[in-house]
Amino acid sequence: MGNSINLSILIPLFPAVVALFILILLVSFNRTMNRLTKPVSFLVVFSLLGSSLISLYLYLKKIEGELFLSNYVKVFESKNLVLHLNSLTEKIIICFTVIMAIVVGALFFRLPRQKGYVSLLIGISLISSSIIFAVMFLDFSVLI
């Protein structure tokens, strides 16, 4: 169980890392990246669904607990930041990431893919990652 709960750090980091990767590519190859909307959309959807699959795995295995960020990031050693993982948190994350993946898919088919589309997807991915972090920081165990 101890090793499986360590997977929970990947849930919010997966969309953030993919967004930062796309952002670096966008800054480096601006003209090319604005034309590559299909692969960018696929990467964002893949990162969101990857987070959902990790959360689904932890939910099905009934893995719950707390994860201290000070164990992973030395900047947070002096702070007591804890990611809470319980069944309600996992359900919220699964629903949210699937909904956001559907939204990105709908944006792909509805919006004109011109300048600004890749930046929009980067923003959606970073905001999704921030919301996942916020959900994991809240302790829903008092509601259960």
Side-chain angles (χ1 to χ4, degrees), residues 1-29 32-113 116-144:
M1 181 179 126
N3 291 336
S4 295
I5 198 155
N6 292 336
L7 283 175
S8 65
I9 192 72
L10 295 176
I11 295 170
L13 286 182
F14 203 40
V17 168
V18 168
L20 292 176
F21 173 70
I22 294 170
L23 180 65
I24 290 169
L25 289 177
L26 181 64
V27 169
S28 301
F29 309 105
T32 304
M33 284 305 293
N34 280 324
R35 293 181 185 155
L36 297 175
T37 57
K38 285 182 184 180
V40 168
S41 298
F42 174 76
L43 281 174
V44 171
V45 168
F46 176 74
S47 69
L48 290 168
L49 291 179
S51 293
S52 179
L53 287 176
I54 293 170
S55 188
L56 182 65
Y57 169 77
L58 294 174
Y59 176 71
L60 292 177
K61 294 290 184 178
K62 295 183 179 19
I63 296 172
E64 296 181 357
E66 295 178 341
L67 190 68
F68 293 93
L69 284 181
S70 60
N71 296 342
Y72 297 96
V73 183
K74 299 297 180 195
V75 174
F76 298 125
E77 281 183 353
S78 62
K79 297 165 182 63
N80 293 330
L81 292 177
V82 178
L83 296 178
H84 302 280
L85 194 67
N86 54 37
S87 62
L88 183 59
T89 304
E90 292 165 349
K91 289 177 189 175
I92 292 170
I93 291 171
I94 291 167
C95 292
F96 175 74
T97 53
V98 168
I99 289 170
M100 290 309 295
I102 292 170
V103 166
V104 170
L107 289 176
F108 177 76
F109 289 110
R110 294 286 183 188
L111 287 180
R113 295 184 303 265
Y117 179 79
V118 174
S119 300
L120 174 70
L121 290 183
I122 291 169
I124 288 173
S125 186
L126 287 174
I127 289 170
S128 297
S129 178
S130 300
I131 291 172
I132 294 170
F133 260 124
V135 166
M136 290 181 78
F137 279 133
L138 296 174
D139 188 11
F140 289 110
S141 64
V142 295
L143 298 176
I144 297 175

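Source: prediction; values computed, not measured.
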If you round to the nearest 0.5 Å, how far is CG of L138 from CD1 of I92? 8.5 Å

Separation between CG of L48 and CD1 of I93, rounded to the nearest 0.5 Å: 12.0 Å

Single hit among V44, V17, L20, L23 for side chain to side chain contact (heavy atoms under 4.5 Å, CB included) with S125: V44

Is there side-chain contact between I132 and F96, with at least one heavy-atom pair below 4.5 Å? yes

Y59 to K91 - nearest heavy-atom pair and separation: OH-CE, 3.1 Å

Check: S55 side chain, S51 main-chain N or O, donor-acceptor pair, under 3.5 Å: no

Residues pairing under ring pair (Phe, Tyr, Trp, His ring centres under 6.0 Å) where one sits in residues 35-56, two or more places apart or in two chains, turn out to be F14-F46

Contacts table for residues 100-109: side-chain donor-acceptor under 3.5 angstrom, sequence neighbours left out:
none

What distance do L58 atom CG and N86 atom CG have between them, rounded to the nearest 0.5 Å? 11.5 Å

With a 4.5 Å limit on heavy-atom distance, are the side chains of Y117 and S41 in contact? yes

I need the single residue from I124, L126, I131 that forms a side chain to side chain contact (heavy atoms under 4.5 Å, CB included) with S128. Which is it? I124

Just wondering, do K62 and S87 contact through their side chains at under 4.5 Å, heavy atoms? no

Quick check against the 3.5 Å criterion: does T89 have a side-chain atom that pairs as donor or acceptor with the backbone of L85? no

When rounded to the nearest 0.5 angstrom, what is the spacing between CG in L43 and CD1 in I122? 11.0 Å

Return the CD1 to CD1 distance between I54 and I11, rounded to the nearest 0.5 Å. 6.0 Å

